[in-house]
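Small disclaimer: the values here were computed from a predicted structure and weren't measured. Throughout, a chain's letter reflects where its sequence line sits, starting with A, and its residues are numbered from 1. Below, all heavy atoms of this structure are taken into account, side chains as well, without hydrogens, waters or symmetry copies.
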Amino acid sequence: MNGKFRKISKKDLLIGLDRIINDGRKLAALTRKGEKVLYDYVTKSDEILMQYIPTVLSPKKFFLPQDEVILEYTTKGKVTAKIEAESMVLFGIKPCDLHGIKILDEAFAESNGDPNYLAKREKSLIIGLDCSRLCDEKAFCYKVNAQNITTGCDFMLHNTGIDFAVTVYTEKGAEQLDKYFQTEIKSENILDDFNQAKAAAFSKFGTFKQLKQLPEIFENNKNHSVWQTEGDKCLSCGSCILVCPTCYCFDVADEMALNLKKGERIRRWDACMLNSFAVVAGNDNFREEPKDRLKHRINRKFNYLMKKHGESVCVGCGRCVRACLVNISPKTIAETITGELSTGG
Amino acid sequence: MAKPKVAFFDFASCEGCQLSAIDLAPEQMLDLLNVVDIVEFREAISEKAAKYDIALIEGSITRDCDVPRLQDIRNRSKVLVAFGACAHTGGINALKNFQKKEDYQKAVYPTDPLKYETTVTRAISEVVQVDAFIPGCPINTMEFVRIVKNLVLGKRPDIPDYSVCVECKKNENICVYEKGMHCLGPVIRAGCDAKCPSNGGYCYGCRGTVTKPNLHAQKDVMQKYNLTFDQMTDQFKLFLQRNREVFKNAG
């Protein structure tokens with residue numbers, strides 16, 4: 001932007017969001033449905049909550065639906081792949097979830113790519129909404145530096161109190177910003193105040209002291225006593241996996257119609273903390289105890305996949321901590337294993 | 001291929017599960033009847049048959065005379081299915097097992113308590129070999145349809161073996177515990193789409209526990225949320241009386 005900074009007034013933001021809806025595009029944002037606060041499609045901008053309240057599920061659900069028909073078939077042998085993707089705008093996505101989306105983007109682009117996920121991503125525009133402070137005491141994004149982003153959305157808004165400063169990340173973001181929103185170009189850095197306030201709010205929180213070394217540390221601590229003590233507490237209810245913005249394991253099932261003449265292949269979210277996930281053909285189970293499954297889950301975040309993605313695959317959103325009835329937390333486990341907890345780090 | 005012969009039977013139950021089974025849209029019912037041949041069904045037809053490919057048993061076993069009848073059905077059936085909570089877990093009929101026999105006999109038949117003989121309520125798997133089960137109070141109609149399809153196609157019955165929490169999270173429900181109520185969801189088998197917690201209630205456990213419930217953790221959670229041991233045990237009583245593991249450490 002040639003050293004120039006863009007801002008958008010709250011009024012123009014809402015007008016722009018209504019333009020998106022009136023254009024026939026689906027707009028998903030943080031909203032209230034009865035007692036629930038969740039990301040869902042809205043029909044008017046005034047249904048949108050600007051103040052973040054932690055949600056049960058992350059925006060992952062828009063790209064990787066809970067149940068998705070990926071194929072239709074008939075018993076006569078006709079097979080049709082199904083890829084459904086609608087033009088969609090996600091508004092108000094927080095930095096932790098943008099990290100989550102970045103990780104899913106990488107995972108689903110691997111080898112031949114996942115056409116269903118990629119088609120939905122291709123047709124989506126993601127508008128981030130920066131955090132100026134920690135959303136609650138369960139969030140620990142700062143532990144893995146996920147409160148700040150470098151990619152993951154098309155453009156990001158920073159609420160300065162009066163206006164929203166805009167950071168554009170993609171060409172699509174720049175083009176769509178101009179298409180729907182009235183912005184003002186300023187020569188002074190209007191982001192400074194926001195950034196300073198944010199840095200101050202997060203100043204007392206630091207990352208894991210050995211963040212970069214976590215994969216190695218976890219690799220060397222497969223027999224740490226924390227797996228047993230935390231595993232014994234675990235209900236194996238699967239909640240932590242269901243709510244995780246970076247868990248992407250799924251199950252695939254063929255379901256015949258009742259007339260037994262045609263059927264659908266459906267993929268569904270699955271969860272490695274569930275006993276049923278770990279059972280394989282012949283009724284064997286390679287991760288029979290909750291501690292084995294917990295070790296696997298946490299190593300996926302701080303070890304196996306962290307090596308692959310080059311950053312922690314736990315984004316510290318805190319959803320699993322909020323969902324866990326027995327207080328199992330990736331943060332506590334990592335702090336225990338690194339020794340931060342006992343040294344009061 | 002001849003259509004499999006399907007029969008419904010009821011023991012101690014409200015027969016609500018059988019009614020749920022036929023709570024289908026007319027076109028679904030026609031599809032079902034194209035796939036299976038319903039040969040006995042007290043709720044809908046009067047015919048009888050000698051042998052069955054699939055026998056669906058509703059109800060629990062509460063009298064000695066139920067035993068030979070169930071064994072006879074078993075002997076004439078290729079696949080026998082526990083149909084609904086009463087057959088699967090003993091259901092709410094098993095609540096009487098917590099009371100003295102003379103007390104419940106008197107409560108039910110005050111003027112002639114000894115008129116009907118009765119025994120401890122049992123799930124049908126305690127009496128005969130059960131090949132599959134369709135859980136729930138009442139059963140879920142579409143789950144019934146799915147299991148019938150599985151059995152007709154020779155597939156393993158596709159009953160979820162994960163907790164109700166999975167479905168609560170999928171529905172983005174506020175956790176029942178956060179709302180100040182108690183819930184058996186973390187150890188109870190899903191498949192009901194978390195119907196009770198999603199509609200202002202909590203999980204009573206009608207679908208029985210998952211294969212490996214962590215009952216110690218569940219009890220810890222309930223105590224953490226201020227339930228006394230007796231109150232906690234009461235929560236488990238409604239549907240899980242026959243689950244020895246649940247009451248191992250309780251009175």
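- Interface residue D161(B): backbone and side-chain heavy atoms are both found under 4.5 Å from chain A.
- Remark: K33(A) does not engage E172(B) in a salt bridge, criterion side-chain N to carboxylate O under 4.0 Å.
- In the displayed structure, K120(A) atom NZ is contacted under 6.0 Å by more than 12 heavy atoms of other residues, nucleotides or ligands.
- Counting heavy atoms from C-beta on, the side chains of E35(A) and K179(B) come closer than 4.5 Å.
- A distance-only check finds a donor-acceptor pair linking the side chain of N214(B) to the backbone of D232(A) [under 3.5 Å].
- With a threshold of 4.5 angstrom between heavy atoms, A253(A) does not approach chain B through any atom at all.
- Here I174(B) is the residue among I174(B), V210(B), N34(B) with the most heavy-atom pairs under 4.5 Å with chain A.
- Between chain B and the residues N259(A), T55(A), L38(A), L57(A), the most heavy-atom pairs under 4.5 angstrom are made by L57(A).
- Between P186(B) and C237(A), the shortest heavy-atom distance links the atoms O-CB, 4.1 Å.
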| Run the side chain to side chain contact (heavy atoms under 4.5 Å, CB included) check on V56(A) and N173(B) step by step: do they pass? | CA-CA 8 Å; V56(A) 176; N173(B) 291 339; over 6 Å; no
| message | For a side chain to side chain contact (heavy atoms under 4.5 Å, CB included) check, start with the C-alpha distance between L260(A) and V152(B), then their side-chain angles and the critical distance, and finish with the verdict. | response | CA-CA 10 Å; L260(A) 302 187; V152(B) 169; 3.9 Å; yes
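- For the atom pair NZ of K36(A) and OG of S198(B), the computed distance is 6.0 Å after rounding to the nearest 0.5 Å.
- Both the backbone and the side chain of V166(B) come within contact range of chain A, with heavy atoms under 4.5 Å apart.
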| request: Take L32(B) and L258(A), measure what side chain to side chain contact (heavy atoms under 4.5 Å, CB included) needs, and give me the verdict at the end. | output: CA-CA 6 Å; L32(B) 179 69; L258(A) 184 51; 4.1 Å; yes
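- Put simply, the side chain of K149(B) gets close to the backbone of M256(A): a donor and an acceptor are under 3.5 Å apart.
- Contact tally against chain A (heavy-atom pairs below 4.5 Å) for D158(B), L153(B), V187(B): the top residue is L153(B).
- Q66(A) contributes a side-chain N or O that, together with a main-chain N or O of K170(B), makes up a donor-acceptor pair within less than 3.5 Å.
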| field | Working for side chain to side chain contact (heavy atoms under 4.5 Å, CB included), residues H216(B) and K233(A) | value | CA-CA 8 Å; H216(B) 289 289; K233(A) 280 159 51 178; over 6 Å; no
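- Looking only at distances, no side-chain donor or acceptor of K169(B) sits under 3.5 Å from a matching main-chain atom of I241(A).
- Contact annotation for L242(A): only side-chain heavy atoms (C-beta onward) come within less than 4.5 Å of a heavy atom of chain B.
- The closest side-chain heavy-atom distance from L235(A) to V221(B) is below 4.5 Å.
- Side-chain atoms of K212(B) do not come within 3.5 Å of backbone N or O of S236(A) as any donor-acceptor pair.
- Distance check: N275(A) CG to T211(B) OG1 gives 6.5 Å after rounding to the nearest 0.5 Å.
- In the displayed structure, K262(A) atom NZ is contacted under 6.0 Å by at most 12 heavy atoms of other residues, nucleotides or ligands.
- For L215(B), no part sits under 4.5 Å from any heavy atom of chain A, backbone or side chain.
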